[in-house]
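The structure under discussion appears below in the form of structure tokens.
Reminder, nothing fancy here: chain letters follow the sequence lines and each chain counts from 1. Please read these numbers as outputs of a predicted model, since none were measured by experiment.
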Number of protein chains: 2
Amino acid sequence: MRQAGAGLAAASTPARGRGDGGQASGSTREKILDVALDLFTDQGFDGTSMREIAGRLGITKPSIYYHFASKEDILLALHTRTHELSKAALSRLASQPLTLHTWGSALDELLDPMAAHRKLFLMHDRNQAAVEKLHRKDHEDEHDDFQQRLQQALADPSLSLRDRVRMACSLGAVFGCLFTAGDAFGDVPGAELGSLVRDAVRDLMTGRSAAQA
Amino acid sequence: MRQAGAGLAAASTPARGRGDGGQASGSTREKILDVALDLFTDQGFDGTSMREIAGRLGITKPSIYYHFASKEDILLALHTRTHELSKAALSRLASQPLTLHTWGSALDELLDPMAAHRKLFLMHDRNQAAVEKLHRKDHEDEHDDFQQRLQQALADPSLSLRDRVRMACSLGAVFGCLFTAGDAFGDVPGAELGSLVRDAVRDLMTGRSAAQA
DNA sequence: GTCTATAATGTGATAGAC
DNA sequence: GTCTATCACATTATAGAC
């Protein structure tokens, strides 16, 4: 019910400065983000027009450009949010040597923010193409993207194919249960769902056909 | 190497009749499907223009309209292919009472065509929004879509939440290993990858924290 | 902070020659 | 079966009034 409807808080890039420190900014900006999150998820980033976002809010197109410099800027704001939510887990993953165990720990840490902000991560997942396009533009230097960092770990040549498959499957299990399932678990609290997924992933990582070290 | 580059064979909707039974049609049509598969996967359906597809083939936009009635028709042709590849497994799933065991069997059957045609299913997965839009138009009656049938099973109220989570995780594990991993397993033969995933899913479904019946 | 225009561009799709 | 030329339309984005 209070899943992620109005819980985007402050995080993103103002089209104009606001004077104050940039606390909880105008509520219109957050309404835009909330509506965009819904529409980008259901229809895709490219399949959603500014006019449609504005229409849902009862305002007009140019009003949005007062709060965001461009359509991509809206996506960037949402992407930044997922980035910050996954930052901690990804940093820990990068600070340790990559093993089946450290991967499991990082995934475990990642599970909480993902379960708590399913909608946000689902949008991110369903719009990989658009997000990647963003990254190519903004900073072609080091873009420590969510998906990219994980995929990089999965391709680590120092691990056996068997282990890498386990890692990919565990990641997929988390994603799949939280996202692919669609609205199948829409009314299940994030904490409960997270707990059940945690058990499943543990079996996956410690099963009798699993790793040895 | 010979993953799914030119292996789309015959399956879809000709813009014009061809006279003969509709065997292996002109090779241009299949080249279009191959290029579209790549571009739709990388840039998304909406992010890919007809001009771009034509450009890669060294032809022009209108030439494509000789082979396909519309851009959506290209997507439909690709979608139909995935539908046929998953038809058998989904039918078996629907013909049996839904349990953890029958789910596992169906998933096991589904794993083979998915591993053998990763690119095709990846495209389908990355363009859910566009595919769903197709379904709303073409036949608003009974659209037995791939994703939809699976999600429907995951929402079955006769099963416990615990079991449903297991099912979603196992499905996600398959998807995740085959798709989310990106190119991490790009050079691994489908059969080998499928075998490893099979083992992982088995652990997931029979783990000590798993079901009871 | 929101509005009414309107510019500038790219897109899907068609007509008709060859 | 492929081309050149073009239409009709939607989109992002901006200018400027209030």
Side-chain angles (χ1 to χ4, degrees), chain A residues 10 12-20 22-36 39-40 43-78 127 129-130 133-134 137-138, chain B residues 12-20 22-36 39-40 43-78 127 129-131 133-134 137-138:
Chain A
S12 35
T13 340
R16 292 157 170 79
R18 182 157 280 98
D20 57 67
Q23 303 274 12
S25 46
S27 72
T28 313
R29 186 187 164 90
E30 279 147 41
K31 283 178 190 168
I32 293 174
L33 287 175
D34 281 341
V35 169
L39 291 178
F40 289 173
Q43 310 176 342
F45 176 76
D46 289 310
T48 303
S49 69
M50 295 292 261
R51 177 199 132 282
E52 202 168 359
I53 297 175
R56 279 218 185 176
L57 290 169
I59 60 179
T60 57
K61 233 184 315 181
S63 298
I64 299 183
Y65 283 92
Y66 176 83
H67 300 278
F68 294 92
S70 67
K71 188 186 173 185
E72 286 190 344
D73 199 42
I74 299 179
L75 181 62
L76 178 62
L78 293 170
N127 288 283
K133 206 172 183 178
L134 259 192
K137 283 192 174 182
D138 283 334
Chain B
S12 34
T13 340
R16 292 159 168 76
R18 182 157 278 98
D20 56 70
Q23 304 275 10
S25 45
S27 72
T28 313
R29 185 186 164 92
E30 279 146 41
K31 283 178 189 167
I32 294 173
L33 286 175
D34 282 340
V35 169
L39 291 178
F40 290 173
Q43 311 177 341
F45 176 77
D46 289 309
T48 302
S49 69
M50 295 293 262
R51 176 200 133 281
E52 203 168 359
I53 297 175
R56 280 220 184 173
L57 290 169
I59 60 178
T60 56
K61 228 183 325 179
S63 298
I64 299 184
Y65 284 92
Y66 177 83
H67 300 278
F68 294 92
S70 68
K71 189 185 173 187
E72 287 188 344
D73 198 41
I74 300 179
L75 181 63
L76 178 61
L78 293 170
N127 288 283
V131 172
K133 205 172 181 178
L134 259 192
K137 283 191 174 181
D138 282 336

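Lys71(B) contributes atom NZ, which lies 11.0 Å from atom NZ of Lys61(B) (distance to the nearest 0.5 angstrom). Atom-to-atom distance recorded for Arg56(A):CZ and Ile32(A):CD1 is 14.0 Å, nearest 0.5 angstrom. Atom CD1 of residue Ile53(A) and atom CZ of residue Phe68(A) lie 9.0 Å apart, to the nearest 0.5 angstrom. The CG atom of Asp34(B) lies 9.0 Å from the CG atom of Leu57(B); values are rounded to the nearest 0.5 Å. The OG1 atom of Thr60(B) lies 12.0 Å from the CZ atom of Arg51(B); values are rounded to the nearest 0.5 Å.
Tested against Phe40(B) for a side-chain contact (heavy atoms from CB on, under 4.5 Å), the candidates Val35(B), Asp46(B), Leu75(B) yield a single pass: Leu75(B).
Taking every heavy atom of residues 45-60 of chain A and every atom of DNA chain C, pairs under 4.0 Å involve Gly58(A), Ile59(A), Thr60(A), by number.
Close to dG1(C), at under 4.0 Å from its OP1 or OP2, lies no side-chain N or O of Ser63(A). Distances shorter than 4.0 Å separate some side-chain N or O of Thr28(B) from OP1 or OP2 on dT2(D). In terms of phosphate contacts, Tyr66(A) brings no side-chain nitrogen or oxygen within less than 4.0 Å of OP1 or OP2 of dT2(C).
Every side-chain contact (heavy atoms from CB on, under 4.5 Å) that Glu72(B) has, sequence neighbours left out, goes to Phe45(B), Ser70(B), Leu134(B), Lys137(B).
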For this session: Might you work through the side-chain contact (heavy atoms from CB on, under 4.5 Å) test for Glu52(A) and Gln43(A), ending with a clear yes or no?
Result: CA-CA 11 Å; Glu52(A) 202 168 359; Gln43(A) 310 176 342; 3.0 Å; yes
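Between Phe68(B) atom CZ and dT2(D) atom C1' the separation is 16 Å, expressed in whole Å. Between the CD atom of Glu72(A) and the P atom of dT11(D) there is a distance of 17 Å, rounded to whole Å. Rounded to whole Å, atom P of dG12(C) lies 9 Å from atom CD1 of Ile74(B). Residue Ile64(A) contributes atom CD1, which lies 13 Å from atom C1' of dC3(C) at whole-angstrom precision. In this entry the distance linking OH of Tyr65(A) with P of dT14(D) reads 7 Å, nearest Å. Summarising the geometry, the separation between NZ on Lys71(A) and P on dT11(D) is reported as 9 Å, rounded to the nearest angstrom.
Among dA5(D), dA15(D), dT2(C), the nucleotide with an atom closest to any side-chain atom of Pro62(A) is dA15(D).
Contact check for Ile64(A) versus Thr28(A): no side-chain heavy atoms found under the 4.5 Å cut-off.
The terminal axes of the helix from dG1(C)-dC18(D) to dC18(C)-dG1(D), fitted over 5 pairs per end, subtend an angle of 10° to the nearest 10°.
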